[in-house]
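Heads up: numbering here begins at 1 and tracks the sequence.
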Amino acid sequence: MYDELNNPNNGNYYNTDGGYTHYDSTSHLQKPEQKKKKKGGFGRTMAKCLVLALVFGSASSLTFMGTNYIGRQVLGDAVTVDDSALRASLSKSDQVSATTVAGSSSDVYDVSDIVTNCMPSVVSITNVGTTEFQTFFGTYEQESQSSGSGIIIGQNDTELLIVTNNHVISNAREISVYFNSDGEDADEDNVISAKVKGTDVNKDLAVISVDLNDIPQETKDIIKVATIGDSSMMEVGEPVVAIGNAYGYGLSVTSGIVSALNREVSVTSDGQTITNRLIQTDAAINPGNSGGALLNSKGELIGINSVKFISEEVEGMGYAIPITDVESIIGDLMNKVIRDQVKEAERGYLGITGVDVTEDVSKSYGMPAGVYVTSITEGAAAEKAGIQKGDIITKLDGSSITSYSQLREAMTYYPSGETIKVIIQRLEGSEYTEIEVDVTLSSNSQVGIE
């Protein structure tokens, strides 16, 4: 299982079979004293790495004047586009540089210019949620806190948009973003509440937003939108820099090289085995770095730090999601509508029951991963939309669905009477066919819930 820091459902995880470890932001490691923060907090932290560790980092940069490649390609009118400003920001006088200085025994790679220019694009994230504990005497809940990282990726008229890993913000009751500005009283003024725009579980991606009105002007003057690079042009051996909220201490920097490209890495989350092709680097990516930035020698974002493999025998194997592979996904998530949970009496329902089609089941039986519909309530939303028993739900309102519990959680954000798009896979002959249906959600009384 993998989740975010210090939340067994979303943090401090370990898999007794595989040895996954997760960073606990409230653990024993004494953290240097920090200034008082306005909302949320980044308490004390500690990392325990067993065999396989998922690591949560943060990186993406947003400029208020210039936009990035994603903005130009897939974001349309929702995000400010100003190519001239972007080109100006990359002019010779401002362009990020890195210097290699010959030493007596080896070359020293100076990344200070990259850090100076790119640090304002990276933020720290705190996730406050509730953790359930199963005991002999029953189920108990306890508030938990975890830490990760994010990258400022865009802006519209009302929001600052930040990309991170899905596991950094999953199961959150409250999300806070810490802008590491150098202004007076920066710590107190720059911890600001955020909301989830959209997530993609399969790619471990999420976009969160901060209301522009909540950001002090002095912070707006300092922070930047990340400049997007082309990860497909990277070569093994090229230098890279990682920035993120390691151990919840605040932003820190490590450097290294690209160790491998298109490295196939699998992780397990909520019973699902997710496999992606990632950039491998020897730049240290520590607990809390998930969602952070992996930058090339020009200071361009070429990866989102996500996974790290650690054991007593192996070191220097960190992983990042190649930015070019997920540009369109990030663009879609940026343009989603922010939703708050709907009151229980007003919630909408599909009117189905289902079971998980895990990745293992998918591979064994040739079925799409998602939620297998086991029954349908007569006269309810799903039946009216044409969904049938045996269909497999794979997407809801543009977001991937990988488990029945995830589907039920997602439905708490939609009121009855709203029409949403649902993607199903239906077995026709010996193959599954993808079908998109519009579903007008039923009320609780229509599905027999009192």
Side-chain angles (χ1 to χ4, degrees), residues 53-62 68-70 73 96 98 109 111 114-115 117-119 121-123 125 148-154 162-168 200 202-207 224-246 251-265 267 274-309 316-331 333:
L54 283 178
V55 182
F56 317 98
S58 77
S60 239
S61 39
L62 171 70
N68 48 45
Y69 181 77
I70 290 179
Q73 296 296 316
V96 177
Y109 183 61
V111 299
I114 294 176
V115 174
N117 281 272
C118 298
M119 186 80 84
S121 301
V122 185
V123 301
I125 297 174
S149 309
I151 306 161
I152 302 173
I153 201 72
I162 297 165
V163 67
T164 184
N165 291 144
N166 177 65
H167 67 254
V168 172
D200 188 300
N202 291 331
K203 292 296 184 181
D204 192 22
L205 289 173
V207 172
K224 297 180 179 180
V225 143
T227 300
I228 306 302
D230 186 350
S231 58
S232 67
M233 299 299 292
M234 296 297 292
E235 296 183 359
V236 174
E238 283 194 50
V240 289
V241 176
I243 303 178
N245 179 28
L251 299 185
S252 60
V253 179
T254 58
S255 64
I257 61 169
V258 173
S259 303
L261 297 168
N262 298 314
R263 183 71 80 200
E264 191 171 279
V265 179
V267 294
I274 300 171
T275 301
N276 286 300
R277 294 186 179 275
L278 306 175
I279 298 170
Q280 180 184 325
T281 177
D282 66 347
I285 301 174
N286 295 299
N289 274 103
S290 277
L294 189 68
L295 307 162
N296 63 16
S297 59
K298 297 178 182 178
E300 298 169 335
L301 179 68
I302 51 92
I304 301 171
N305 300 325
S306 185
V307 183
K308 187 177 182 181
F309 179 85
M317 294 180 68
Y319 297 93
I321 302 167
I323 193 66
T324 304
D325 292 355
V326 294
E327 285 178 307
S328 62
I329 295 174
I330 295 173
L333 297 179

Which atoms form the tightest heavy-atom contact between [X] and [Y], and what is the distance?
X: S231; Y: I279; value: CB-CD1, 4.3 Å
X: E327; Y: I228; value: OE2-CG2, 3.7 Å
X: A283; Y: G256; value: CB-N, 3.8 Å
X: N166; Y: D200; value: CB-O, 4.3 Å
X: A284; Y: T254; value: O-OG1, 2.6 Å

Intermediate values then yes/no, side chain to side chain contact (heavy atoms under 4.5 Å, CB included), R263 and R277: CA-CA 5 Å; R263 183 71 80 200; R277 294 186 179 275; over 6 Å; no
Any chance you could measure [X], atom [atom1], to [Y], atom [atom2], to the nearest 0.5 Å?
X: M119; Y: S252; atom1: CE; atom2: OG; answer: 7.5 Å
X: I329; Y: I321; atom1: CD1; atom2: CD1; answer: 9.0 Å
X: L333; Y: S328; atom1: CG; atom2: OG; answer: 9.5 Å
X: C118; Y: L251; atom1: SG; atom2: CG; answer: 12.0 Å
X: N305; Y: I285; atom1: CG; atom2: CD1; answer: 4.0 Å
X: N165; Y: K203; atom1: CG; atom2: NZ; answer: 13.0 Å

Under 4.5 Å between any side-chain heavy atoms of [X] and [Y], yes or no?
X: M233; Y: I302; result: no
X: I114; Y: N296; result: no
X: T281; Y: V258; result: no
X: E264; Y: T275; result: yes
X: V240; Y: I257; result: no
X: V253; Y: V241; result: yes
X: I330; Y: V207; result: yes
X: P322; Y: L278; result: yes

Full working for side chain to side chain contact (heavy atoms under 4.5 Å, CB included) between I153 and I162: CA-CA 5 Å; I153 201 72; I162 297 165; 5.9 Å; no
Verdict with supporting geometry, L205 and I304, side chain to side chain contact (heavy atoms under 4.5 Å, CB included): CA-CA 9 Å; L205 289 173; I304 301 171; 3.8 Å; yes
